[in-house]
Protein chains: 2
Amino acid sequence: MARQREDTGLTKNDPTKSRARFRRETPDDRRRQLGEAALRCIVKHGNAGVSVRQIAAEAGVTQGLITHHFGELNELVIYAFDIMASEMLQGLMNVVDQADPTPQGRLNAFIEASFSSMLFDRDVLGVWVVFWGLILHSPKLSFSQQREFSGYVKAVEALLKDLADDEEIAVGDMRLAALSFSALLDGLWLAWCLNPTTFKPEEGVQLCHNWIKGLRLGAYA
Amino acid sequence: MARQREDTGLTKNDPTKSRARFRRETPDDRRRQLGEAALRCIVKHGNAGVSVRQIAAEAGVTQGLITHHFGELNELVIYAFDIMASEMLQGLMNVVDQADPTPQGRLNAFIEASFSSMLFDRDVLGVWVVFWGLILHSPKLSFSQQREFSGYVKAVEALLKDLADDEEIAVGDMRLAALSFSALLDGLWLAWCLNPTTFKPEEGVQLCHNWIKGLRLGAYA
DNA sequence: CAAAAAATTATACGATCGTATAATATCTTG
DNA sequence: CAAGATATTATACGATCGTATAATTTTTTG
């Protein structure tokens with residue numbers, strides 16, 4: 001029996017303008033498009049979205065392109081993770097940099113942004129959860145995550161250190177304090193996304209301020 | 001061309017003793033065995049372990065049994081989640097109940113157990129991460145998780161309330177305080193499992209005590 | 001001990017999966 | 001404008017997936 005031709009699900013890659021049937025793109029551009037398509041697939045279908053065919057279709061391209069540009073699917077996944085992680089931290093720090101340039105103002109902006117729809121979003125968590133699962137089983141991806149997490153905690157540590165310096169708060173180990181605050185943020189994020197009826201984002205903001213009050217009162221001296 | 005017979009991968013289900021080729025079990029027993037086999041598969045292979053064939057092989061049984069006892073795979077997954085979640089909370093509370101029966105002793109035991117290998121384990125997180133991913137896309141599983149999380153936070157709240165009553169600590173909203181402490185624990189757990197070099201479990205315990213010190217100093221009044 | 005009940009196996013079907021290979025189309029360059 | 005470089009498509013292969021169905025085996029029961 002003859003094998004049936006596979007359906008590519010191809011829909012896009014419009015040359016738009018010329019009569020060409022597809023457009024050639026710079027490897028960098030195409031890789032970026034594929035990375036972003038991968039993120040959209042993960043948002044839509046979770047782990048099931050991590051698939052050569054689905055991602056290629058989402059990018060409006062045939063499957064072979066992924067092999068061509070990334071060798072294997074896992075490499076595309078790592079690339080997509082780096083896109084997402086860096087964009088997220090970038091977005092967060094942009095908000096901070098546009099805030100009132102006092103230690104208090106910057107930290108407040110960081111907290112508000114953390115509980116805004118930019119991060120406090122089930123779709124966003126969904127993507128992270130998929131990556132966490134992969135990180136636990138892929139050394140390469142684990143390495144990327146370590147870089148990302150280190151950058152995040154360092155940013156938090158800088159914010160807290162500025163506050164502590166400004167207000168002369170005694171803190172024994174600033175790295176640990178930053179770790180604690182990061183963990184609080186992540187934990188609240190996780191809890192809310194898994195079950196948004198548990199508490200309101202404003203209550204999350206309040207709890208962050210309570211944590212900072214503890215810092216001010218010397219709980220971490 | 002004739003279709004090739006599928007390999008069942010069957011290895012167990014020994015009748016051991018009689019000459020029977022397989023053993024009939026109570027539906028309850030078999031369901032439990034399949035649930036535990038599912039958890040082992042998830043530990044070993046992450047999301048990829050959630051598969052009828054792999055779970056059946058792990059349980060030493062053929063695939064049809066899963067359809068027979070659960071109808072569809074998703075139902076088995078929900079059952080496995082309930083097994084894991086209830087065993088975890090149960091194990092935690094057993095430790096607490098065997099501790100020095102003062103509010104301080106019980107809370108300390110809870111913290112120590114949270115950072116012991118019972119929970120602070122990459123394999124354990126790996127299972128949770130898989131379930132989180134499924135919870136975000138399965139309403140039925142989401143419902144199970146809400147029950148589980150509610151029970152967990154209530155337990156934390158009871159521990160904190162006993163401490164606050166005993167030491168006459170002012171706490172504005174005990175539910176929110178418990179939510180914060182739970183989030184801290186979860187966040188540290190997540191961070192450490194994804195990258196165990198970030199901090200030492202003892203440092204995590206220290207951070208919990210710092211949080212409680214903040215509570216004592218009135219940060220949540 | 002025969003017969004009914006139901007737990008379990010056996011098998012099949014159609015989908016989708018990741019990757020490899022060769023053909024083809026587009027774009028750049030001389 | 002021809003020709004080379006390579007981005008892209010087209011196609012194939014074998015594996016695994018979830019579920020449905022029917023045959024078989026064990027166990028209970030009358």
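Since we're looking at a predicted model, the values are computed, not measured. Lettering of chains follows the sequences in order, A, B, ..., and the numbering in each one begins at 1.
An OP1 or OP2 oxygen of D:dA20 is reached within less than 4.0 angstrom by no side-chain nitrogen or oxygen of B:Q63. Checking the phosphate oxygens (OP1, OP2) of D:dG18, a side-chain nitrogen or oxygen of B:S51 falls inside 4.0 Å. Not one side-chain nitrogen or oxygen of B:R21 sits closer than 4.0 Å to the OP1 or OP2 atom of D:dT24.
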Please step through side-chain contact (heavy atoms from CB on, under 4.5 Å) for the pair A:I111 and A:I212, ending with a clear verdict.
CA-CA 11 Å; A:I111 293 171; A:I212 293 169; 3.6 Å; yes
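Taking only side-chain atoms of B:R53, from C-beta outward, the nucleotide of D:dT8, D:dC17, C:dT8 with the closest atom is D:dC17. With distances taken from any side-chain atom of B:H68 to the nucleotides C:dA6, C:dT26, D:dC17, the minimum falls on C:dA6. Relative to the side chain of B:L65, the nucleotides C:dC17, D:dT8, C:dT8 differ in distance, and C:dT8 lies closest.
We find that CD of A:Q33 is positioned 14 Å from P of D:dA7, with the value rounded to whole Å. One can place CZ of B:R23 at 16 Å from C1' of C:dA6, the figure rounded to the nearest angstrom. Here C:dT28 presents its C1' atom at 8 Å from CZ of A:R24, a figure rounded to the nearest Å. Note: CZ (A:F70) to C1' (C:dG18) measures 16 Å, nearest angstrom. Between the CD atom of B:E25 and the P atom of D:dT25 there is a distance of 19 Å, rounded to whole Å. Rounded to a whole Å, the CG atom of A:L76 is 14 Å from the P atom of C:dC17. What separates CG of B:N47 from P of D:dG18 is a distance of 12 Å, to the nearest Å. Atoms CZ (B:F22) and P (D:dT24) sit 12 Å apart, rounded to a whole Å.
Closest-nucleotide positions on DNA chain C for A:Q54 and A:G71 were compared, and the one nearer the 5' end corresponds to A:Q54.
Taking the six-membered ring where the residue is Trp, B:F120 and B:F199 present perpendicular rings, their angle passing 60° and hence far from 30°.
When every heavy atom of B:H45 is checked against every heavy atom of B:Q54, the shortest pair comes out as ND1-OE1, 3.3 Å.
Checked by atom type, the side-chain pair B:Q98/B:N94 shows no donor-acceptor distance below 3.5 Å.
Here B:L73 lies in heavy-atom contact (under 4.0 Å) with sugar-phosphate atoms only.
Checking side-chain atoms of A:R106 against main-chain N and O of A:P101 turns up no donor-acceptor pair under 3.5 Å.
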